[in-house]
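Taking it in order: structure first as structure tokens, then the write-up.
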Number of protein chains: 4
Amino acid sequence: MSSHEFYMQLALSNAQAMKGQTDPNPLVGSVIVNHNEIVGVGTHLKAGEPHAEIHAIRMAGDKAKGGTIYVTLEPCSHHGRTGPCAVAIVEAGIKKVVIAALDPNPLVSGKGVKILKDAGIEVETGVLQEESEKMNEVFNKFIVQKIPFVTLKSGITLDGKIASRTNNSKWITSPEAREDVHKLRNENKAILVGVNTVIHDDPELTTRIPNGRNPLRVIMDSTLKIPLESKVVRDNQAETWVFTTENYDKQKKLRLEAHGVKVFIAGESQVDPLEVLKTLGSNLISSLLIEGGGTINASFLENKLVDKAVFYIAPKLIGGQHSPSFFGGTGIDKMSDAILLQNLTVTQIGPDFKFSSYPKYE
Amino acid sequence: MSSHEFYMQLALSNAQAMKGQTDPNPLVGSVIVNHNEIVGVGTHLKAGEPHAEIHAIRMAGDKAKGGTIYVTLEPCSHHGRTGPCAVAIVEAGIKKVVIAALDPNPLVSGKGVKILKDAGIEVETGVLQEESEKMNEVFNKFIVQKIPFVTLKSGITLDGKIASRTNNSKWITSPEAREDVHKLRNENKAILVGVNTVIHDDPELTTRIPNGRNPLRVIMDSTLKIPLESKVVRDNQAETWVFTTENYDKQKKLRLEAHGVKVFIAGESQVDPLEVLKTLGSNLISSLLIEGGGTINASFLENKLVDKAVFYIAPKLIGGQHSPSFFGGTGIDKMSDAILLQNLTVTQIGPDFKFSSYPKYE
Amino acid sequence: MSSHEFYMQLALSNAQAMKGQTDPNPLVGSVIVNHNEIVGVGTHLKAGEPHAEIHAIRMAGDKAKGGTIYVTLEPCSHHGRTGPCAVAIVEAGIKKVVIAALDPNPLVSGKGVKILKDAGIEVETGVLQEESEKMNEVFNKFIVQKIPFVTLKSGITLDGKIASRTNNSKWITSPEAREDVHKLRNENKAILVGVNTVIHDDPELTTRIPNGRNPLRVIMDSTLKIPLESKVVRDNQAETWVFTTENYDKQKKLRLEAHGVKVFIAGESQVDPLEVLKTLGSNLISSLLIEGGGTINASFLENKLVDKAVFYIAPKLIGGQHSPSFFGGTGIDKMSDAILLQNLTVTQIGPDFKFSSYPKYE
Amino acid sequence: MSSHEFYMQLALSNAQAMKGQTDPNPLVGSVIVNHNEIVGVGTHLKAGEPHAEIHAIRMAGDKAKGGTIYVTLEPCSHHGRTGPCAVAIVEAGIKKVVIAALDPNPLVSGKGVKILKDAGIEVETGVLQEESEKMNEVFNKFIVQKIPFVTLKSGITLDGKIASRTNNSKWITSPEAREDVHKLRNENKAILVGVNTVIHDDPELTTRIPNGRNPLRVIMDSTLKIPLESKVVRDNQAETWVFTTENYDKQKKLRLEAHGVKVFIAGESQVDPLEVLKTLGSNLISSLLIEGGGTINASFLENKLVDKAVFYIAPKLIGGQHSPSFFGGTGIDKMSDAILLQNLTVTQIGPDFKFSSYPKYE
Ligand SMILES: [Zn+2]
Ligand SMILES: [Zn+2]
Ligand SMILES: [Zn+2]
Ligand SMILES: [Zn+2]
């Protein structure tokens with residue numbers, strides 16, 4: 001490990017430790033070095049608070065002058081509560097800036113570097129870039145596309161089924177796998193299911209881990225047939241948003257709103273998944289976990305809206321031409337149109353296998 | 001490793017090396033030890049030739065007397081070309097017999113041991129028993145049930161599909177996985193597909209590896225709609241047997257037979273998979289590889305006739321409620337009826353994953 | 001990993017990253033958590049600057065109030081430049097303190113905890129204690145015993161030799177092993193050799209790695225026979241101290257001092273190794289690397305003064321009853337008196353093997 | 001694994017299993033293949049009995065004709081009890097011979113191949129050659145040089161010592177390491193120590209493992225000072241040979257011989273190690289384990305007579321300029337003359353480390 005990597009790794013470790021508390025801001029860490037000694041360490045803690053560079057500069061004090069700052073993301077050029085970090089770096093007298101990844105936002109990307117270079121500061125980029133980008137994969141999509149990073153999760157049998165033909169699905173996967181799902185819920189700002197899941201299972205859709213954060217609950221329901229007595233309507237454990245179509249039942253909408261449920265119109269006869277994502281995005285929901293049935297999953301996959309797919313595969317067979325697969329809908333026509341799953345990692349969880357992957361659409 | 005295990009392992013290594021050439025006999029190896037020295041090594045080479053013990057006794061000559069014989073399977077009590085091995089052991093003056101596994105055939109199991117004990121010979125069983133039984137899993141089923149050991153093989157996507165809704169399936173899996181399939185073909189005495197696979201793909205169903213043995217080709221075809229110009233009818237690379245029902249087309253049968261194809265009636269309106277296995281068994285076909293579509297696979301799985309299931313899973317998604325899953329048919333009703341896959345081993349083959357498993361039926 | 005361990009690990013990572021720059025202070029890191037979010041991170045950077053807790057409290061600001069602070073070492077009770085950290089924690093309104101290891105200094109150990117408890121703060125100790133103590137093994141010895149932590153390093157053949165009988169020793173070990181030695185030099189505040197090494201090899205005893213810190217050079221020389229033209233006297237790359245006995249040559253002492261070399265009297269006829277350590281300790285030299293010959297090594301080992309022993313073993317044999325072993329002197333009488341080497345770790349470095357260990361004296 | 005390697009591996013496994021029972025003959029295995037089926041397997045069991053090829057040809061019977069024989073060592077061209085194997089192969093009608101290694105004996109190497117080629121048989125050599133040669137490393141040296149393969153074994157501390165300066169050595173190494181030594185004894189035909197070891201320890205020098213073979217006991221004793229009451233003289237557990245010089249005590253010789261001990265003269269004033277090896281070799285002792293002290297070890301190492309060196313290194317230090325090292329004597333002068341230890345393998349045995357290696361002399 002070079003000394004560049006050593007310092008950047010320390011910055012990454014500090015950034016990574018804040019996972020889940022910086023939304024909608026990215027994870028960023030920073031280290032300042034002067035005469036081969038670390039003189040400041042900083043990390044961004046929370047939106048609205050100082051950026052990583054500011055904390056590091058404050059800790060370094062006079063010793064920032066003449067030093068080198070390592071930062072996992074390009075210093076910002078826009079003014080926030082503490083002003084542009086690029087300017088703060090210049091004013092601190094820092095002589096060199098080492099950056100892992102440039103700002104993913106095309107509107108500002110490179111502007112921070114330009115401020116630094118214009119001030120005569122030496123800038124080096126790309127040190128542990130991949131690690132930094134992976135760490136902020138959610139933020140990096142959201143800041144560019146303004147819609148959430150979508151993770152599809154499904155517990156399936158080895159033959160791709162999510163229930164028997166009589167719709168029995170308790171339980172496909174093991175307790176260990178189901179516990180792992182709660183970590184996914186904790187990491188996502190919102191969770192989405194179809195109304196049939198609500199009718200059939202009456203789930204709470206909460207995070208059952210110590211200190212877990214409950215995600216916003218999102219229901220796709222084209223005719224507002226969601227039961228008023230369902231837990232997501234009644235239990236107040238987290239906010240619930242229902243997306244419906246222009247065919248919605250107006251009386252039902254009023255009753256739902258009386259329970260604090262927000263109702264959105266998104267589509268004429270079928271709920272449009274992209275509209276759902278846009279609405280979530282405009283409300284600063286940067287990440288969404290889909291736990292849908294075959295139809296919901298298909299609507300997101302066929303519209304190429306899933307960024308990451310996580311499967312818990314149970315070593316079981318359900319069989320049956322009419323038992324539901326996790327990926328319903330129409331499907332592809334030619335093998336060359338199949339959705340490829342890339343960067344696959346496989347781990348064993350209890351008796352089941354967890355496949356994490358990134359779909360690549362043809 | 002104890003010295004018992006050391007000698008039995010040598011016997012197992014020699015037995016295992018004959019894989020594929022002893023049918024319908026099991027793999028058996030033998031070692032004779034006297035005064036801490038190996039004085040004879042034997043292995044069964046081929047049906048009709050001497051058993052392992054006979055080869056070992058021949059090599060040992062006078063030194064068998066007073067020695068210990070290690071044998072991976074209980075010595076036989078029935079007379080074959082070389083007489084019962086248990087008797088030969090007695091006559092050789094051997095003092096102790098160490099056996100891995102008893103004879104799986106309930107009609108004779110224990111009879112060899114009885115002959116030995118009646119002659120005053122010390123007998124010890126169970127040394128590396130599991131290894132011996134696994135090595136002869138095909139034989140052990142066949143000798144008891146008189147129907148072949150059935151391996152179901154399927155190349156599927158991660159969502160359990162074997163083709164798109166337009167029936168496109170070239171190729172689900174990678175060249176590496178397809179090459180591995182040829183090893184399975186080489187290890188099985190027969191291969192079975194449905195007539196639709198013949199119509200759709202016109203496959204050769206041969207083993208494309210150096211020195212490979214082509215399996216008997218078995219087609220399930222309830223109305224004899226198999227094309228006369230198909231390769232399995234015409235190419236003479238291996239024998240082809242067609243199983244049909246009482247609804248069969250008599251003219252077609254005669255034409256097929258004219259090409260050397262054998263036609264069997266097995267079922268009234270649908271081909272009965274158990275009847276197929278019985279016919280194969282009575283013809284001493286001890287192992288069958290099923291490479292069927294969803295319907296064929298379901299008919300064997302739902303009748304609990306699959307002994308081993310091997311899946312090549314490609315990291316792809318096909319989707320679609322109507323695209324064919326590898327396991328069609330009716331399927332189970334309740335999750336508690338799901339077919340469990342036991343003793344799972346997972347290996348990566350090229351970009352794909354190979355799951356080998358043993359179904360356990362509830 | 002529990003959440004306690006998660007936060008303490010972040011504190012440890014930050015502490016560890018400062019290795020080499022906090023002397024004579026220990027490595028310490030700190031994290032403050034409030035409502036399940038990290039609100040402050042701190043690490044001690046350099047002697048004379050704020051302690052880890054102070055940095056974390058500053059970053060947390062108002063959010064420290066009601067929070068939990070994790071700190072890898074018991075907060076201090078004595079006033080430094082920033083006052084006792086225990087008091088600062090009380091004043092910040094922190095409700096709980098989680099500590100890895102208590103202060104090793106028996107004079108103050110437990111006093112910080114007492115201040116905290118007296119103020120009604122909940123205190124938990126022992127979280128990742130072993131990791132924290134190992135990280136500060138040098139400091140922990142020094143603060144208690146006031147003499148340096150002694151690491152003996154030797155490059156030897158498999159038969160324990162450091163040179164041939166003609167004193168040829170270039171090179172026992174590989175270039176890779178010799179490069180690794182420079183990391184040891186960089187981690188130690190002083191390096192010690194005997195005068196014969198200076199006469200024979202005329203070494204520089206510097207750290208040849210990028211940004212390396214040169215250690216203080218310490219020579220044991222009972223009669224001041226060190227050559228005036230040797231590099232350690234002339235080259236000014238680092239300070240050089242010579243320890244001699246009352247038999248010293250007074251003229252030579254003056255000449256050495258004229259070159260900036262410090263001369264100490266430590267022993268009547270032989271240099272007393274404990275006296276050397278005490279003098280180094282009183283000058284705040286907390287760590288010493290011994291790179292001596294067989295006599296020097298023996299004098300430290302036989303006096304039970306070596307804390308850690310690092311061997312680079314070359315797969316070679318030198319042989320010879322009179323060729324020098326790395327451990328000369330008298331040696332033990334009975335096998336039960338042999339020095340045991342504990343917590344051994346073995347790694348391969350180029351063609352050689354590195355054994356790191358902690359001597360345990362009977 | 002190619003099919004060539006598959007068959008040769010089976011031959012090697014059978015050969016290897018006979019380790020220890022074929023002396024002075026090498027380990028050899030053989031497999032005959034015809035039409036892709038194994039038709040014969042053979043291995044050499046014992047000197048005076050048929051060679052591996054003969055056993056395989058006998059098992060194959062008529063099926064040898066037209067087949068391919070795999071053999072781990074070049075078939076012999078000289079007549080033994082069963083005639084030259086090369087001729088037997090020709091007579092059996094075999095069409096192709098695949099050989100791992102040629103005969104190491106320069107007098108006959110290649111002659112077997114010539115007989116085969118002259119008879120029009122295709123010959124291929126070098127398949128798994130290295131494995132075959134390593135398996136017969138003892139035989140390969142002995143057959144060429146007519147002196148035993150010498151393994152030096154020593155239990156040493158990390159500083160290369162075999163005893164304290166008071167000669168205390170019980171115990172340097174752990175019980176686990178000492179048990180491992182008995183395996184070495186079992187694999188060697190003779191074991192050698194110096195008379196001082198007999199006087200000091202009165203060892204039995206036997207193999208204490210189940211069914212172990214006791215090696216011939218060889219003592220180097222220049223003046224015949226071996227005590228008449230020592231176990232190696234009295235206990236009759238194995239033969240004992242004493243090598244002395246022309247200075248020997250004639251009375252003592254007669255008394256030793258009265259106890260069945262053989263006495264040899266080998267050297268004028270010091271026992272010449274090469275003479276010892278030559279005498280052992282002319283008595284068909286093909287392997288020798290040296291368990292000597294520093295002087296014995298040095299006399300063999302300095303004369304470049306050690307083929308393999310096995311060290312059990314205990315994590316202890318004894319120290320002392322005059323405590324005995326395992327490699328005494330004169331030793332080398334220049335580092336470039338150091339004995340290099342090649343093909344090192346390191347394993348942990350209990351608390352100790354076992355280094356196995358092959359000395360390379362400059
Ligand atoms: Zn900023
Ligand atoms: Zn038999
Ligand atoms: Zn403090
Ligand atoms: Zn021969």
Side-chain angles (χ1 to χ4, degrees), chain A residues 1-23 27 29-52 54-64 67-68 70 183 186 207 209-213, chain C residues 1-23 27 29-52 54-64 67-68 70 183 186 207 209-213:
Chain A
M1 189 155 54
S2 71
S3 63
H4 265 17
E5 288 172 347
F6 175 83
Y7 295 126
M8 193 63 85
Q9 187 56 60
L10 178 61
L12 279 168
S13 296
N14 275 297
Q16 184 72 49
M18 308 306 144
K19 186 169 184 179
Q21 69 180 56
T22 64
D23 288 314
L27 298 166
S30 179
V31 167
I32 303 177
V33 176
N34 206 336
H35 291 95
N36 299 316
E37 288 187 351
I38 296 172
V39 297
V41 176
T43 180
H44 181 53
L45 296 170
K46 202 174 180 69
E49 299 194 4
H51 289 182
I54 304 304
H55 279 305
I57 289 170
R58 283 184 190 168
M59 191 187 290
D62 290 346
K63 292 188 171 181
T68 297
Y70 293 80
K183 293 187 198 157
N186 191 46
T207 301
I209 54 173
N211 306 322
R213 284 176 285 265
Chain C
M1 185 155 56
S2 71
S3 63
H4 264 18
E5 288 172 347
F6 176 82
Y7 296 126
M8 192 63 86
Q9 186 56 59
L10 178 60
L12 280 168
S13 297
N14 275 297
Q16 183 73 49
M18 308 306 144
K19 186 168 185 181
Q21 71 181 54
T22 65
D23 287 314
L27 300 166
S30 179
V31 168
I32 304 177
V33 176
N34 206 335
H35 291 95
N36 299 316
E37 287 188 353
I38 296 172
V39 297
V41 176
T43 180
H44 181 54
L45 296 170
K46 202 176 180 69
E49 298 194 5
H51 290 182
I54 304 305
H55 279 304
I57 289 170
R58 283 185 191 169
M59 192 188 290
D62 291 347
K63 292 189 171 181
T68 297
Y70 293 81
K183 293 187 197 156
N186 191 45
T207 301
I209 55 174
N211 305 323
R213 284 176 285 266

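Labels below follow one simple rule: chain letters A, B, ... track the order of the sequence lines, proteins then strands, and each chain is numbered from 1.
Rounding to the nearest 0.5 angstrom, the gap separating the CE atom in C:Met59 from the CE atom in A:Met59 is 5.0 Å. The CZ atom of A:Arg213 lies 8.0 Å from the CG atom of C:Asn36; values are rounded to the nearest 0.5 Å.
Proximity to chain A (any heavy atom under 4.5 Å) is restricted, for C:Phe6, to the side chain, taken from C-beta onward.
Between C:Val39 and A:Leu45, the closest heavy-atom pair is O-CD1, 3.1 Å. A:Ser13 and C:Leu10 get closest at one heavy-atom pair: O-CD1, 4.1 Å.
Listed options A:Gln9, A:Lys63, A:Gln16, A:His35 were ranked by heavy-atom pairs under 4.5 angstrom with chain C; first place goes to A:Lys63.
At a threshold of 4.5 Å between non-hydrogen side-chain atoms, the residues A:His55 and C:Val41 do not count as touching.
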**OP:** May I have the step-by-step check of side-chain contact (heavy atoms from CB on, under 4.5 Å) for C:Ile38 and A:Gln21, ending in yes or no?
**Re:** CA-CA 8 Å; C:Ile38 296 172; A:Gln21 69 180 56; 3.7 Å; yes

